[in-house]
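This structure is a prediction, so every number in the text was calculated from the model and none was measured. Every chain is numbered from 1 and lettered A, B, ... according to where its sequence line falls, protein lines coming before strand lines.
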There are 2 protein chains.
Amino acid sequence: MNKPVPNDGTVGKALQVLDLVASLGRPVRFTELLRLSDFPKASLYRFLQTLTNQGMLSYDPKNQSYAPGLRLVRLAHSAWRQSSLAPVASPYLDALAKEVGEAVHLAQLDHGHVLFVDKRKGTGNFDTLAAAGKVAPSYCTGVGKAILAFMPAAPRNLALQQQAFLKYTPATHDTIGGLENELRSVRQEGIAFDREEHETGIISIAAPILIDQKTVVGALSIATSTSRHKLSDLKAYRSVLLTTANQIANAASTWQFPTQN
Amino acid sequence: MNKPVPNDGTVGKALQVLDLVASLGRPVRFTELLRLSDFPKASLYRFLQTLTNQGMLSYDPKNQSYAPGLRLVRLAHSAWRQSSLAPVASPYLDALAKEVGEAVHLAQLDHGHVLFVDKRKGTGNFDTLAAAGKVAPSYCTGVGKAILAFMPAAPRNLALQQQAFLKYTPATHDTIGGLENELRSVRQEGIAFDREEHETGIISIAAPILIDQKTVVGALSIATSTSRHKLSDLKAYRSVLLTTANQIANAASTWQFPTQN
DNA sequence: AACTGATTTCCATTATTTGGAACCAATTTA
DNA sequence: TAAATTGGTTCCAAATAATGGAAATCAGTT
């Protein structure tokens, strides 16, 4: 009668709670969570207990609030090293950032959203997790469109359904049709642009990372602000961007884990 | 009769599986996990299913292997921002790294282990193995000892129980007594050293981050290699290290989250 | 085609989760 | 000072979901 989301069992529900806490981005108290979720009081309470003493959440007794726990940071380290392109791509990002002197982003798709897995700052050094883990919509970012454009139709349509199509700026696509048109041209040119679609004043040029020229596994972008560059300036990076994306693709496809015989 | 580890229910078990996969640091196949865990085949299988379609694990159908999933990276981002010292400490790390030109590490204690939450590279491109999310033993690292020394007795003893006391190098403490002796002197001097106890050739000087001169919330270290510096050289950093640790402590205690009205 | 080892599914039994309601503690209101 | 309100925690019988032995399926080999 009521299976609105096909949860997988207790674990699924617990993770739902975890997500909720994480999504709020600040410590939350029990009552607030109770309002936001639709778990009964006792159940929610038990989930929080369990998650907390598993280290997935941390609890501050002083102001009785929950926040995501450090165990997640530990786990994410493995995830980042194994399941993301970041470790393989790292040297190429270094080189690209050095060459162009602008911010460089590496992203992958996760549940229809863009997940940044690494970046290089425009000027100098990088912060690891500061950028890694950040999410953004895919319909209005360079990397997002680059990935969407090169996905097989079936998963792409699924991903398109998940887009919120909020109009962040005047330039943001707010219809699925408009986006699909652009994706077609992205597919032809092999490059996507962010024309201040997510944040006013921020533009980027992005290329998909294609393994065997076919399977898209992520995207790479050079981003800057309109105060430093015009969109037309970015087009000059097309070639170096495509080259780097290709290098990363090669490195990624070559680098297989020793599957322990 | 058999509750060797007081698991919290299904969620606990699932997380145990997640940890197992993460700890291996490479994609693993079903059978290997079956050997390593002591779950019955069908149960393990279901856990993997659940975790996978929750995005906590990723599954590679090609070689039938499991790895930690990207959802963790997403979740960890919130955890890192909210529950770690990293965001507040960031500018101070920048300044310190710039001033001393050596690798700087910021760490916190998690279940008795040192968890690195941020770092800055030294000028020399010696990439110490530590990145955000990386864990290390606390009994043989500068940051670990700095934290342990300043913890209240009760949790410290608990943490000490959790130490493996593996003898990584000739200098590693391998008895709880030896470590306790050193912690006493660390407490007096306000500073801890790593004298090649974890990795041969790597030394560090570390200071605890103490809120209100009392509660230790993490530690800060300057690390280098014996090929560049002697231990005595590091002592010169004592003062700047303590100052920075203090600044971070102040920033951390001041910065309270808006607890929502 | 038969064999082998790994992976996946089945299903009756069992153990765990569930959630309404009672309870407790601290703070606010009368 | 007492009563009421709010926020958090515990109980326990009923409902549900997890369990795991065994059997079926699948992918390589010989």
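- Across the protein-nucleic acid pair, B/Gln49 atom CD and C/dT9 atom P stand 7 Å apart, rounded to whole Å.
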Determine, step by step, whether A/Leu70 and B/His111 satisfy the side chain to side chain contact (heavy atoms under 4.5 Å, CB included) criterion, reporting the C-alpha distance in whole Å, the side-chain angles of both residues, the deciding distance to 0.1 Å, and the verdict.
CA-CA 10 Å; A/Leu70 287 183; B/His111 287 71; over 6 Å; no
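- Between A/Asp110 and B/Arg74 a salt bridge is recorded (basic side-chain N to carboxylate O distance below 4.0 Å).
- With D/dT9, D/dG20, C/dT8 as the choices, the nucleotide that has an atom nearest any side-chain atom of A/Tyr59 turns out to be D/dT9.
- Atom pair A/Gln16:CD and C/dT17:C1' shows a separation of 16 Å (rounding to whole Å applied).
- Judged by atom type and distance alone, A/Lys41 does not reach the base of C/dG19 through any side-chain donor-acceptor pair under 3.5 Å.
- Using a 4.0 Å heavy-atom distance criterion, A/Ser43 is classed as a base contact.
- Checking D/dA17, D/dG7, C/dG20 against every side-chain atom of A/Thr10, the shortest atom distance belongs to D/dA17.
- The nearest whole Å value for the distance from the CZ atom in A/Arg46 to the P atom in C/dT18 is 6 Å.
- Across the protein-nucleic acid pair, B/Phe47 atom CZ and D/dA18 atom P stand 8 Å apart, rounded to whole Å.
- A/Arg35 has its CZ atom 11 Å from the P atom of D/dG8, to the nearest Å.
- Of the candidates D/dT10, C/dT8, D/dT9, the closest approach to any side-chain atom of A/Ala42 belongs to D/dT10.
- Atom CG of B/Asp38 is separated from atom P of D/dT19 by 13 Å (rounded to the nearest Å).
- Among C/dC10, D/dT19, D/dG8, the nucleotide with an atom closest to any side-chain atom of B/Lys13 is D/dT19.
- Of the candidate nucleotides C/dT8, D/dT10, C/dT18, D/dT10 has the atom nearest to the side chain of A/Tyr45.
- The side chain of B/Pro40 lies closest to D/dG20, out of D/dG8, D/dC11, D/dG20.
- At a threshold of 4.0 Å, the pair A/Glu180-A/Arg156 does not count as salt-bridged, since none of the basic side-chain nitrogens sits closer than that to a carboxylate oxygen.
- Taking atom CG on B/Leu34 and atom C1' on C/dT8, their separation rounds to 13 Å, with Å as the unit.
- A distance-only check finds a donor-acceptor pair linking the side chain of B/Thr172 to the backbone of B/Tyr168 [under 3.5 Å].
- Here the P atom of nucleotide D/dG7 and the CG atom of A/Leu36 are 14 Å apart, to the nearest Å.
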Trace of the side chain to side chain contact (heavy atoms under 4.5 Å, CB included) decision for B/Lys119 with B/Leu93
CA-CA 8 Å; B/Lys119 76 160 185 187; B/Leu93 292 194; over 6 Å; no
